[in-house]
Amino acid sequence: MYKYIIRRILVFIPMLIMLSIIVFALAKAAPGDPFTGKILDPEVDPAVFEQQREALGLNDPLPVQYVNWASKIATGNFGESMYYKGRSVQSLIKERIVNTLYLGLFALAITLIVAIPIGIYSARNPYSILDYSATTFGFLGLAIPNFFFGLIAIYFLAIKLGWFPAQGTITSTDVSGWTEVWDRVHHMVLPGITLGLAGTATYMRYMRSEVLDVLGSDYIRTAKAKGMSERNVLYKHTLRNAIIPIITLMGFEFGALLSGAIITEQVFSYPGLGTLFINSITNRDYPVIMAITLLLGVTILIGNLLADIFYSIVDPRIRYD
Amino acid sequence: MFKQKYSLVLLALLLLFGIVLAACSSDNEDAEEDPGTQEEEEETEGTEEEEDEEEKTEGPQVGGTITGAMYSAPAGMFNPIFYEEAYEANILSFTHESLVGQNESLEFIPGLAKEWETNDDQTELTLYLEEGVKWHDGEEFTAHDVVFTYKSIADPDYVAAGGIRTSYVTPLLGYEEFNSGETDEFQGVVAEDDYTVTFKFAEPNINPLYYASFTIIPEHVFADIPVADMPEAPESRDAGAVIGTGPFKFTEMVEREQYVLERHDDYWQGAAYLDKIVWKVVAQSVMTGLLESGELDFIADPNGIPPADYETVEGFGNIEIIEQPDFGYQLLGFKHNHRTAEDVEAGAIEPDNWVPNEKLANPEVRQAIAYAINREGLIDGLLYGRGAIINSPIAMQFWAYDESATTNYTYDPDQAASILDDLGYVDVDGDGFREDPNGEEWVLNMDYPTGNEIRERSAPLIEQMLEEVGIEINLRQPKEMSAYVEDLTNDNSDWDLYLLGWNLGSADPDPLGLWGIKDAYNFSRWNNPESDELLNNALKAPEAFEQEYRQEVYAEWQALFSEDLPALLLYAQNSLWAYNNRLHGIEPLPYSMYDNPHLWWVDDAE
């Protein structure tokens, strides 16, 4: 098992190098650079931008630029942002990643809390009223675009009813301690639900069909024939088998936890990694783009690895060596 | 074993669920309070207004917090010599000040400098500074701060460190020598004593006060920080460490979300009435709702409220709207020339090498296109009437803007058609579109950028208007701004028509920089020597010391511009700024809402 994990981690390295080359090439292939996108200002001499390009090394040949960047990464230095002047890429990411992680985990928690019980219930009572309404809700949840649901939620729950704050992560700067934690959670509710909506629908559908599937299988019939209680059948046999695809799904979504909130973050002016990523792409902020891509790459790889490891825990038939 | 693990997970989930539920319950409490107070407000609205009146006569109250909104977060650079975007400017205009400001007729007025004089040939400008001005940290402001500010901008490392404001120092005496590192002495700005500073120009300068209008930074704070390291210094970016002389101190921030300004008690013009100004970053889509609910008190630059929302916001009843023309314009550019591939490669702007764009070479063709475009219609349809037709590329607030000198291309498709008919642009092959006088196919390529929704929507409308008079337009996919500007700059391509917008400064109407032949921003590659001559004449000392003289020359130039049409100016959008009527004392200037914020006050201060 440990050998397997180490082997998998070693394979990450060439994959990440390939990833960084591809992303670097794509980012550079896009027309424009950090200075062409600046709001055109007649009071600024374009020659100034030319000087800054030179200073940042943007006029060097591409392979040179890549090697310069990569050799810095090797020493753990992600460089400085070209757009946020004088900011290191690390500090930018560090500042945002916390917000995004909290939001992502919060959304995931809501998703699982809502989706799994409803999914199980639907499977055990198929074609019941709750099953039908859950199905309808599921399709609606999948069909409603995030930004639209977000806006509706803001309009009714934040502006009209005033239950939740509409924007940002915190009410004001003077709160601290538990009030602050509290305030932050309060701010996360609407974006969390919005972000979790599509996921809830997906997980619910998965859960329902998996449980239905397993319930119809031979070993469940055998277990029931043995006289095992309904409860035991459900928890000992059904769920354990039905949960496997959910774990796969979560493994894949691990990366999405970091990157998936782009639109939601925009609507709620929630300063996270997603908005930073979008901004750096429009501003051609190469060092930030590269760093975030690598980060996402690593999380997705780790997510998949974790999923594989969990498999072997839930399903003893799966063994790695 | 699995069961145990599973129950652990369940327990964890339950806990989370509990937190969520708890969150909901206390929100309910909030909610119960909120609608209640709202109702009360509604009920007492009538009497409140009366009270308002009374309070107004009582005069300003001390205290209170107001909240302003912007749609994008500042990049985080709060050093006036390094910031670039309007979002930072929003904050800096409360915290920092300049030697001189501008009044409502755009004349320079005293700021940190109480008076000034120039020598006869306008090569020297001496300013006498206010005494007793305190920086936020209690140090005194002196002429040495002024010298330090300009020295930093002229520093050899300034541009490489990311600075872009060199236009304020290039005309100063000794800039080249200082900037190239030949000497450590900068002759351009000299402190005569603690409260007298002299700007020296290499050549007679027609608008010396413009160069003295840059925001001043404190020497005592930055003295030990080399210019190259200034952008990353906490003094340039951290709340509490950023020091200015303005009526408010930048004290706290939640990055990308909230920026808190607090009253500077030692402000030299008297402490502000307001305790705090909080800037919040909000999404444009929810801004109007937050204005209505009173969560936001004002919204101004850079976007204000969208024209489409004007009536909604006006209908709220609690919001005042300031509407005035913006400093800028949108244009439909005509590519007069293209550069050669070699010149683009070398980055050279050599008018002699330019290749004329035959498709648009005839000025009458450009005029016909101008007549074919319903600019009034664009303003009514896209801007909901919140804009104005502008006929020359000088902001219309300036004394230099002269509409009488220009041709007003009022919408007249018949005239457009007859001009084209007379020139021989007729449809010979019966496809519904005109061919050129030689009978060859005549298709104009049109490009436009994304980023400004109104401009994006105008592109297909313009295509349609032109096709109605028989001009075949190939409207291409819009490009994102970075890519678009690169293509505009590297213009050895097949571009004919392009859309673009410019924001202008309020200091001087001089159109050089955008419309001079060799200007990089002259994207039309307009090559009319007469234009350059006029533009240079308008700046020639000593004649140009007289505003009347410049006015005449600019009138002549505007006539030339509107006849030769390097671009058709489509419209100048009105800026729409809004504020809650509990806020008083706002006296907007043509270019900013933030004039004398220390005199702002709210009528419900506690």
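All chains are named by letter (A, B, ...) in the order of the sequence lines, taking the proteins before the strands, and each is independently numbered beginning at 1.
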Among A/R53, A/E50, A/E80, A/R87, single out the residue with the greatest number of heavy-atom pairs under 4.5 Å to chain B.
A/R87
Using modelled atom types and a 3.5 Å cut-off, is there a donor and acceptor pairing between side-chain atoms of B/S167 and backbone atoms of A/V44?
no
Using modelled atom types and a 3.5 Å cut-off, is there a donor and acceptor pairing between side-chain atoms of B/S482 and backbone atoms of A/T282?
yes
Counting only heavy atoms not in [X], do more than 12 fall under 6.0 Å of its [atom1]?
X      : atom1 : value
B/F316 : CZ    : yes
A/Y155 : OH    : no
A/E180 : CD    : yes

How long is the straight-line distance from [atom2] of [Y] back to [atom1] of [X], given to the nearest 0.5 Å?
X      : Y      : atom1 : atom2 : value
B/L290 : A/I154 : CG    : CD1   : 8.0 Å
B/R237 : A/K85  : CZ    : NZ    : 9.5 Å
A/Y83  : B/E84  : OH    : CD    : 8.0 Å
A/Y84  : B/M77  : OH    : CE    : 12.5 Å

In terms of heavy-atom pairs under 4.5 Å, which option from [options] contacts chain A the most?
options                        : result
B/P231, B/G162, B/A160         : B/G162
B/E480, B/R256, B/E232, B/R165 : B/R256
B/A507, B/S72, B/G505, B/A483  : B/A483
B/A86, B/A73, B/G289, B/G76    : B/G289
B/L514, B/D229, B/V159, B/L512 : B/V159

Is there side-chain contact between B/I164 and A/F49, with at least one heavy-atom pair below 4.5 Å?
yes
Do B/E295 and A/Q167 have side chains that get closer than 4.5 Å, going by heavy atoms?
no
For A/R284, is there an ion pair with B/E486 - N to carboxylate O distance below 4.0 angstrom?
no
Contact class of B/Y210 relative to chain A, heavy atoms under 4.5 angstrom:
side chain
Checking B/K280 against chain A: side chain, backbone, both or neither under 4.5 Å from a heavy atom?
side chain
Atom group of A/Q266 that falls short of 4.5 Å from chain B, counting heavy atoms:
backbone
Taken in chain and number order and not counting sequence neighbours, the residues that satisfy side chain to side chain donor-acceptor pair (under 3.5 Å) with A/E54 are A/N59
Tell me every residue that passes side chain to side chain contact (heavy atoms under 4.5 Å, CB included) with B/L500, counting only those two or more places apart in sequence or in another chain.
A/L40, B/L331, B/M481, B/Y484, B/L488, B/Y498, B/W502, B/F523
